[in-house]
Amino acid sequence: MVAVASKGVKVRKSLLARLSWPSVDVDLRSSWRIGTVEIPTRLVLAPMAGVSVQAFRRQGRRFGAGLVCSEMVSCAGLHHRNERTLGYLRIAGDEHPLAVQIFGSDPPVMAEAARMVADAGADIVDINFGCPVRKVTKTGAGATLLENPARAAGIVSAVANAVDLPVSVKMRRGLEDGARTCLELGPRLVDAGAASLTLHPRSARQMYTGEADHTLTAELVERVDVPVIASGDITSRARAEAVLATTGAAAVMIGRAAQGNPWALSAIVDDAMPEPTREEIAAELILFVRETVRELGEQRAVGFLKKFYSWYLGRGRFPRPFKQELVLLQTTEDVERRLLAAAPGARDVLERLEDELPNGDEVLLDLPISVYGGG
Ligand SMILES: Cc1cc2nc3c(=O)[nH]c(=O)nc-3n(C[C@H](O)[C@H](O)[C@H](O)COP(=O)(O)O)c2cc1C
């Protein structure tokens, strides 16, 4: 009886709170700023480990993301000049504005990593206080820092003092379900020098279950005077507009919805976007494959790309056996050949796409790894 009554009150309260928030219409195509960096649209492509390679980010920019982010980069890996970690600092000329995200728990090492990120040509240094994965949290990094405000603020201040770039922080709501830690921590991080905050309002324990609770995003917006980016479960234009209007966030971040589906981005910034044809899908995938091979090399790319085949070709776009066939192919040349056989018209689309793209050799500003002595 009591439980039912209190549940009822809770529902009514949250509904009232939502209705009483000011509703602000934000044009998704309008520009905004993080510090001095101008961002041309209200769409941010999420940092995603194992996904956010250069090809993904450049494609994100082409399809309407105003800001793209690298996956999280280990500050310890940068400190030790680990070759693969240094590779994450390769930035292409046509992906700006770009945030490179770093994670770690030691302020001086994070400051050093931030300087390397700035030297590599990033526009923003983003700090990860959200990663819930044990491999990261057991080192005192990622989401654990939500429970250690003094150290978290120390990291932000060390990083902000180390570079001239704006510093942003991405966090979860807290460690445990129902936590509101982010609301206390957020203002402290801004005082320490954060020029923007991104909130993925799930707990670390939740991982990706349940729903992102953007009522918390609205509360965070109320408490800080820097732009807040809303992350979590934003998959459509209607949802993006609703989250912007009810939270007062400056921008929305799109993650899983854009995996193998850059058209989700253009459908959010541009409401009249038609569904892509099979030829367009095959052509984008081939371009993605080629760019990824250039970035990671054939051997690493073959394994890395497998998940992208289902993402691109799923959603009823191609028959299931076809996706399975691609995953089994041993070389990316075979993948390309098979895609062109299934959608011959993709060849023309690909040519058009390549004509529109800046010449890859001019664009790829390879990080001079030798600068850092990386192997
Ligand atoms: C495969 C994967 C990898 C991720 N890696 C990172 C990461 O490196 N850094 C980070 O801050 N968030 C990471 N995230 C979280 C996303 O940036 C985003 O906050 C989350 O997926 C919720 O947004 P969505 O519902 O739009 O996917 C990752 C998410 C996924 C699914």
Side-chain angles (χ1 to χ4, degrees), residues 42-54 56-57 60 65 67-75 77-78 84-85 88-89 98-104 110 113 117 122 124-137 139 141-146 152 155 167-174 182 189 194 196-214 216-217 220 228-240 242-244 247 249 251-262 264-265 267-268 304-308 310-311:
R42 303 282 170 158
L43 225 59
V44 179
L45 190 60
M48 287 187 282
V51 177
S52 300
V53 288
Q54 220 176 66
F56 184 74
R57 303 185 313 241
L67 175 68
V68 295
C69 306
S70 78
E71 68 176 81
M72 57 183 207
V73 182
S74 157
C75 73
L78 292 177
R84 191 175 278 201
T85 314
Y88 291 126
L89 299 190
L98 162 84
V100 170
Q101 188 185 71
I102 52 175
F103 72 96
M110 286 289 272
V117 165
I124 293 169
V125 181
D126 189 57
I127 301 176
N128 181 312
F129 290 164
C131 181
V133 175
R134 173 123 183 87
K135 201 170 99 185
V136 170
T137 53
T139 66
T144 16
L145 284 158
L146 297 170
I155 289 173
V167 173
S168 57
V169 176
K170 183 162 179 285
M171 46 183 186
R172 285 200 174 220
R173 65 182 297 164
C182 60
L189 300 180
S196 165
L197 300 174
T198 301
L199 180 62
H200 175 201
R202 281 188 171 89
S203 69
R205 183 183 287 277
Q206 268 182 295
M207 302 292 282
Y208 293 94
T209 62
E211 273 174 32
D213 178 2
H214 285 295
L216 236 69
T217 313
L220 182 65
V228 170
I229 302 170
S231 168
D233 304 341
I234 298 164
T235 54
S236 67
R237 183 180 173 87
R239 184 72 188 132
V243 168
L244 287 177
T247 63
V252 288
M253 179 175 271
I254 315 295
R256 289 164 294 172
Q259 291 173 335
N261 195 18
L265 299 172
I268 291 173
F304 174 87
L305 285 165
K306 285 187 196 295
K307 54 186 179 283
F308 284 88
S310 326
W311 287 340

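Each ligand, and each atom within it, is numbered from 1 in the order the structure gives.
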Would you name the heavy atoms of [X] and [Y] that are closest together and state the gap between them?
X: Leu145; Y: Ala152; value: O-CB, 3.7 Å
X: Asp126; Y: Ala99; value: CB-CB, 4.3 Å
X: Gly255; Y: Ala46; value: CA-CB, 3.6 Å
X: Asn128; Y: Met72; value: ND2-SD, 3.4 Å

Nearest protein heavy atom with distance in Å, relative to [atom]:
atom: atom 26 (O) of ligand 1; value: Gly255 N, 2.9 Å
atom: atom 31 (C) of ligand 1; value: Arg256 CG, 3.6 Å
atom: atom 6 (C) of ligand 1; value: Pro47 O, 3.0 Å
atom: atom 9 (N) of ligand 1; value: Gln101 OE1, 2.7 Å
atom: atom 5 (N) of ligand 1; value: Ala49 N, 2.8 Å
atom: atom 18 (C) of ligand 1; value: Ser231 OG, 3.4 Å

Would you say [X] has any N or O atom under 3.5 Å from an N or O of ligand 1, going by distance alone?
X: Glu71; result: no
X: Ile254; result: no
X: Ala257; result: no
X: Ala46; result: no
X: Gln259; result: no

_Cationic tip of Lys306 above Phe308 ring, under 6.0 Å, 45° of axis_ =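 No, Lys306 does not lie over the aromatic ring of Phe308.
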*asked:* I need the Leu189 CG to Cys182 SG distance, nearest 0.5 Å.
replied: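 SG of Cys182 is found 10.5 Å from CG of Leu189.
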*Could you name the option among Met48, Lys170, His200, Met72 that has the heavy atom nearest to atom 22 (C) of ligand 1?*
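Selected option, by shortest heavy-atom distance: His200.
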*Under the 3.5 angstrom rule, does the side chain of Arg237 hit a backbone N or O of Ile268 as a donor-acceptor pair?*
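Yes.
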_Main-chain N/O of Ser203 paired to Arg173 side chain as donor or acceptor, under 3.5 Å_ =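 No, Arg173 side chain to Ser203 backbone: no donor-acceptor pair under 3.5 Å.
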_Full working for side chain to side chain contact (heavy atoms under 4.5 Å, CB included) between Thr198 and Gln101_ = CA-CA 12 Å; Thr198 301; Gln101 188 185 71; over 6 Å; no
*Using a strict 4.0 Å cut-off to heavy atoms of Tyr208, name the atoms of ligand 1 that fall inside it.*
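Atoms satisfying the 4.0 Å criterion: 14 (N), 15 (C), 20 (C), 21 (O), 28 (C), 29 (C), 30 (C).
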*With heavy atoms only and a cut-off of under 4.0 Å, state how Asn128 meets ligand 1: side chain, backbone, both or neither.*
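Contact part for Asn128 vs ligand 1: side chain (C-beta onward).
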